[in-house]
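Heads up, the thing below is written out as structure tokens.
Side chains are part of it too, since the values below use all heavy atoms of this structure and drop only hydrogens, waters and symmetry mates. Quick caveat, the model's predicted, so the values are computed rather than measured.
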Amino acid sequence: MSVRLDPEVMVGWFDQVARDLPWRRPDCGAWGVLVSEIMLQQTPVNRVQPIWLEWMERWPTPSALAAASQGDVVRAWGKLGYPRRALRLHAAATAITTDHNDIVPSDVDTLLSLPGIGEYTARAVAAFAYGQRCPVVDTNVRRVVARAVHGAGDAGPPSTKRDLADVEVLLPKEDSFAARYSAALMELGAIVCVARTPRCADCPVFDTCAWQHAGRPAYAGPAKAVQKFAGTDRQVRGRLLDVLRDAPGPVTRAQLDAAWSDPGQRDRCLDSLLVDGLIEQTPNGLFSLPGDH
DNA sequence: AATACGTGGCG
DNA sequence: TCGCCAAGTAT
């Protein structure tokens, strides 16, 4: 059988066509890589890039971010989405400052112990910031492996153990080469082997792709759950937080009430934001971003 | 294992 | 227009 996703081919292709992203520059340290990985969770590159540049200038080290207020961090997160990530990154920066001498850990298990860092991000930091040989599995890699190796139209439901094992066997021996290979796998899924309309004519491993050989069968697995947004609590929470991000300081209950008409849903979402620590109530009954008063 | 969690671009 | 999709994590 032909070699699937050949490392020499993949890395050669990556060196030629990879996007010039700021967190891939040689002078970008582990902190920059970590910040980028958190911001990129479920969020497109183009939206992340300008915010990442602002953050690196403003908070060039974990301790610099840790010294900021939660409110400043949430406001600087802007509209990247899933703002709990901002709070968790701030908490991770605090832990790195106090427990790890202001140095982003390189060990996967240590990384996993930090807030907001899961199976993907821990391995992404170990590989991309520290050049380690460890499988890095995100949605792009799952799709590339599903097609090129398994001949399926798309990846089935995630299974951490199986997904990691799938990539482990592909990984070349040497550390830094394996890390570059991991980046190449992700890049292929991001710009060529994309979900909707794959650009197979531009694919460096077209001739060994199991999906091509199988005649490009359609995805046969269980239907993926479609996420609604309009009218959901997520939208309402977003509206509420948007009021606070745009305000210079604490706001009144009436200002928050204007953000959504349904009182029951509004109250429920405000409560959940208070529980999450994304909003605080001030002593005089106003509402603010955490620490923003 | 399913579900909650933001936001906006694109076909 | 509107559903799909984007470098996931926590519970």
**OP:** When you get a sec, tell me which of C:dA7, C:dG8, B:dC5 is the closest nucleotide to the side chain of A:Arg234?
**Re:** B:dC5
Subject >> Sugar-phosphate, base or nothing in reach of A:Thr232, heavy atoms under 4.0 Å >> reply: nothing
Original post:
Taking for each residue the nucleotide of DNA chain B bearing the nearest heavy atom, is the 5' side occupied by A:Gly81 or by A:Ala225?
Top reply: A:Ala225
**OP:** Assign A:Val45 to base, sugar-phosphate, or nothing according to its heavy-atom contacts below 4.0 angstrom with the strands shown.
**Re:** base
**OP:** Please find out if less than 6.0 Å separates the ring center of A:Trp55 from that of A:Trp77.
**Re:** yes
Original post:
If you check the A:Arg237 side chain, which of B:dT7, B:dC5, C:dC4 turns out closest?
Top reply: B:dC5
**OP:** Just call it for A:Ile117: base, sugar-phosphate, or nothing, with non-hydrogen atoms closer than 4.0 Å on any strand.
**Re:** sugar-phosphate
Original post:
What's the CD1-P distance between A:Ile279 and B:dG6, to the nearest Å?
Top reply: 11 Å
Original post:
So what does A:Pro115 touch, heavy atoms closer than 4.0 Å: a base, only the sugar-phosphate, or nothing?
Top reply: sugar-phosphate
**OP:** Check every atom of B:dT7, B:dC10, C:dG8 against the side chain of A:Gln42 and return the nucleotide holding the closest atom.
**Re:** C:dG8
Original post:
Could you give the CG-to-P distance, from A:Asn46 to C:dA6, as a whole number of Å?
Top reply: 14 Å
Subject >> Separation of atom CD in A:Gln227 from atom C1' in B:dG6, rounded to whole Å >> reply: 9 Å
**OP:** Find the distance A:Leu87:CG to C:dA10:C1' and express it as a whole number of Å.
**Re:** 14 Å
Subject >> Donor-acceptor pair (no angle test) under 3.5 Å: A:Thr197 side chain, B:dG11 base >> reply: no
**OP:** Measure the distance from CD on A:Gln49 to P on B:dG9 and round it to the nearest whole Å.
**Re:** 16 Å
**OP:** Take A:Glu168 and A:Arg162 through the test salt bridge (Lys or Arg N to Asp or Glu O under 4.0 Å) and record every step on the way to the result.
**Re:** CA-CA 10 Å; A:Glu168 167 66 35; A:Arg162 182 170 46 69; over 6 Å; no
Subject >> Spacing between A:Asp163 atom CG and C:dT9 atom P, to the nearest angstrom >> reply: 13 Å
Original post:
Has the side chain of A:Arg196 got a donor or acceptor atom sitting under 3.5 Å from an opposite partner on the base of C:dC4?
Top reply: yes
Subject >> Whole-Å gap separating P (B:dC5) and CD (A:Gln235) >> reply: 13 Å
**OP:** Name the closest nucleotide to the A:Arg84 side chain, picking from C:dA7, B:dC5, B:dC10.
**Re:** B:dC5
Subject >> Proximal nucleotide (of C:dA7, B:dG8, B:dG6) relative to the A:Lys79 side chain >> reply: B:dG8
Original post:
Roughly how far apart, to the nearest Å, are B:dG8 and C:dT9 at atom P?
Top reply: 23 Å
Original post:
With a 4.0 Å cut-off on heavy atoms, is A:Arg268 in touch with a base, just the backbone sugar-phosphate, or nothing at all?
Top reply: nothing
**OP:** Quick one: label A:Trp77 by what it contacts on the DNA or RNA (base, sugar-phosphate, nothing), any heavy atom closer than 4.0 Å.
**Re:** nothing
Original post:
So what does A:Arg142 hit on the nucleic acid, given a heavy-atom distance under 4.0 Å: a base, only sugar-phosphate, or nothing?
Top reply: nothing
Subject >> Gap between atoms CZ and P, on A:Arg123 and C:dG8 respectively (whole Å) >> reply: 15 Å
**OP:** Name the residue closer to the 5' end of DNA chain C, choosing between A:Arg88 and A:Leu21 according to the nucleotide with the nearest heavy atom.
**Re:** A:Leu21
Original post:
Can you tell me how far CE of A:Met10 sits from CZ of A:Phe177, rounded to the nearest 0.5 angstrom?
Top reply: 10.5 Å
**OP:** Considering only atom P, compute the distance from B:dT3 to C:dC4 and round it to an integer number of Å.
**Re:** 16 Å
Original post:
Which residue lies toward the 5' end of DNA chain C, A:Gly118 or A:Arg143, if each is placed at its nearest nucleotide?
Top reply: A:Arg143
**OP:** Rounded to whole angstrom, note down the P distance from C:dA7 over to B:dC5.
**Re:** 23 Å
Subject >> Side-chain touch A:Asp163/A:Glu119, heavy atoms, less than 4.5 angstrom >> reply: no
Original post:
In Å and rounded to the nearest 0.5 Å, what is the CD to CH2 distance from A:Gln265 to A:Trp260?
Top reply: 5.5 Å
**OP:** With heavy atoms under 4.0 Å as the rule, sort A:Thr121 into base, sugar-phosphate or nothing.
**Re:** sugar-phosphate
**OP:** Give A:Ala195 one of three labels, base, sugar-phosphate or nothing, depending on what nucleic acid heavy atoms sit under 4.0 Å from its own.
**Re:** sugar-phosphate
Original post:
Nearest to the side chain of A:Arg47, which nucleotide is it out of B:dC5, B:dT7, C:dA7?
Top reply: B:dT7
Original post:
Are A:Arg237 and A:Thr232 close enough that a side-chain donor and a side-chain acceptor fall under 3.5 Å?
Top reply: no
Subject >> side chain to side chain contact (heavy atoms under 4.5 Å, CB included) partner of A:Leu278, chosen from A:Leu240, A:Leu244, A:Leu273 >> reply: A:Leu273
